[in-house]
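It should be emphasised that the depicted structure is a prediction, and the values quoted were computed from it without experimental measurement. Residue numbers begin at 1 in each chain, while the letters A, B, ... track the order of the sequences.
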Amino acid sequence: MRVATWNVNGLRARLDYLTHWLAARQPDVVGLQELKTPTDDFPHEYFADLGYHAAVHGQKSWNGVAILSKLPLETRQIGLPGQDDFGSRLITATIDDRLLFSTVYCPNGKTVEHADYQGKLGWYDDLTQHWQAEYELPAILCGDFNIVPEPLDTWRGASGDGGIFHTAAERKAMQRLLDKNLIDLYRNQYPEEQAFTWWDYRGGAFHRKHGLRIDFLLANQLGVQAAKDVIIDRDYRRKIDGLTASDHAPVYADLDL
DNA sequence: ATGGCTCTCGCGGAGAGA
């Protein structure tokens with residue numbers, strides 16, 4: 001089973017590009033973030049024609065998450081409890097009764113001085129409280145976490161410490177979540193590798209290798225045991241057939257499930 | 001030091017993103 005996460009930066013703007021990627025990589029389950037589309041406007045029939053069921057938690061203009069699945073899926077949770085005011089940022093489903101799959105779009109925080117920064121930390125605390133340390137199924141928690149876990153995960157290295165996405169408080173919040181028996185699949189497979197999942201659109205950041213690793217596939221122990229290979233799909237951060245990419249690359253893993 | 005691009009809404013230009 002191939003599972004993936006991708007912040008598409010606008011579902012409607014990315015529909016042709018996303019379709020190209022689905023055809024090329026043939027993922028079984030995809031967590032999408034930043035739909036910027038209301039739930040009722042989600043193009044279910046379009047994805048059905050591509051062979052995907054969908055569970056959707058959308059919103060006008062901003063945020064919005066969804067799960068695409070070739071296998072039957074059953075929605076388990078829509079929205080992070082207690083955090084409705086922060087937008088549509090979490091959806092969870094079981095896939096074919098074999099996998100618990102949750103995808104999140106964690107708040108950005110804007111700047112360390114902004115009120116949203118404290119809100120981001122609170123949102124993380126609620127996510128950590130919501131996530132169970134033990135699931136009977138293999139479980140994946142994936143998405144755009146908007147935190148750089150360690151200096152290796154940013155082009156700025158240790159000189160980035162203290163800036164938004166790079167603060168000690170954010171890293172502790174991330175660690176408390178990981179302490180719920182979650183493993184970062186990419187970092188687990190590549191302990192020393194520097195690889196990014198996001199590059200600013202501006203200033204040729206992609207070609208200058210000025211990126212961040214902020215999109216993760218986290219897994220419980222059963223999920224880690226099933227994981228075979230993890231790929232950060234940098235090819236799909238480039239323009240393809242004149243189509244503009246998201247500023248995030250997809251990340252996918254093959255699970256022996 | 002700053003902004004550098006792209007998205008949405010909606011029809012001009014502002015806000016958000018990371």
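Both A/S61 and A/C106 lie near DNA chain B, and the one whose nearest nucleotide falls closer to the 5' end is A/S61. Of the two residues contacting DNA chain B, namely A/K60 and A/G109, the nearest-nucleotide position lying further toward the 5' end is that of A/K60.
Distance CZ/A/R237 to CG/A/D247: 6.0 Å, rounded to 0.5 Å.
For the OP1/OP2 pair of B/dT6 and a distance below 4.0 Å, the side-chain nitrogens and oxygens of A/N9 include no atom meeting the criterion. Side-chain N/O atoms of A/H210 include none lying less than 4.0 angstrom from OP1 or OP2 on B/dG4. Put simply, A/K110 has a side-chain N or O that comes within less than 4.0 Å of OP1 or OP2 on B/dG17.
The separation between A/R238 atom CZ and B/dT6 atom C1' is 19 Å, rounded to whole Å. The nearest whole Å value for the distance from the CZ atom in A/F196 to the C1' atom in B/dA18 is 14 Å. Atoms CZ (A/R89) and C1' (B/dA18) sit 12 Å apart, rounded to a whole Å. What separates CZ of A/F206 from P of B/dA18 is a distance of 17 Å, to the nearest Å. If you measure from atom CZ of A/R208 to atom C1' of B/dC5, you get 14 Å, rounded to the nearest angstrom. Distance, A/F86 CZ to B/dG17 P: 9 Å, rounded to whole Å. Rounded to a whole Å, the CD atom of A/E34 is 18 Å from the P atom of B/dG15. Taking atom CH2 of A/W198 as the reference point, atom C1' of B/dC7 lies 14 Å away to the nearest angstrom.
Checking B/dC7, B/dA18, B/dA16 against the side-chain heavy atoms of A/W62 singles out B/dA16 as nearest. Closest approach to the A/R12 side chain among B/dC9, B/dA18, B/dG4 is made by B/dC9 (side chain taken as heavy atoms from C-beta onward). Checking B/dT8, B/dC7, B/dG17 against the side-chain heavy atoms of A/Y105 singles out B/dG17 as nearest. Considering only the side chain of A/R202, B/dC5 comes nearest among B/dA18, B/dT8, B/dC5. In the set B/dC7, B/dA18, B/dG4, B/dA18 carries the atom at the smallest distance from any side-chain atom of A/L212.
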- Task: Check the pair A/I164 / A/K110 against side-chain contact (heavy atoms from CB on, under 4.5 Å), numbers first and verdict last.
- Result: CA-CA 7 Å; A/I164 188 73; A/K110 295 188 174 68; over 6 Å; no

- Test side-chain contact (heavy atoms from CB on, under 4.5 Å) applied to A/F47 and A/L22, step by step: CA-CA 10 Å; A/F47 286 107; A/L22 291 171; 4.1 Å; yes

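Using Watson-Crick or G-U wobble geometry with both donor-acceptor distances under 3.5 Å, B/dA18 finds no partner in any strand shown.
When heavy atoms are screened at a 4.0 angstrom cut-off, A/N7 is found touching the sugar-phosphate backbone but no base atom. Among the heavy atoms of the strands, none lies under 4.0 Å from A/R156.
Side-chain atoms of A/D144 and A/Q33 include no donor-acceptor pair closer than 3.5 Å. Under the 3.5 Å distance criterion, with hydrogens and angles disregarded, no donor-acceptor pair is assigned to the side chains of A/N181 and A/Q221.
Taking atom P on both B/dG3 and B/dA14, the two are 14 Å apart, rounded to the nearest angstrom. B/dG15 and B/dG10 have their C1' atoms separated by 14 Å, given to the nearest Å. On the C1' atoms, B/dG13 is 25 Å away from B/dA1, given to the nearest whole Å. Between B/dG12 and B/dT2, the two P atoms lie 32 Å apart (nearest whole Å).
With hydrogens and angles ignored, a donor-acceptor pair under 3.5 angstrom links the side chain of A/N108 to the base of B/dA18.
Aromatic ring centres of A/W199 and A/W155: separated by at least 6.0 Å.
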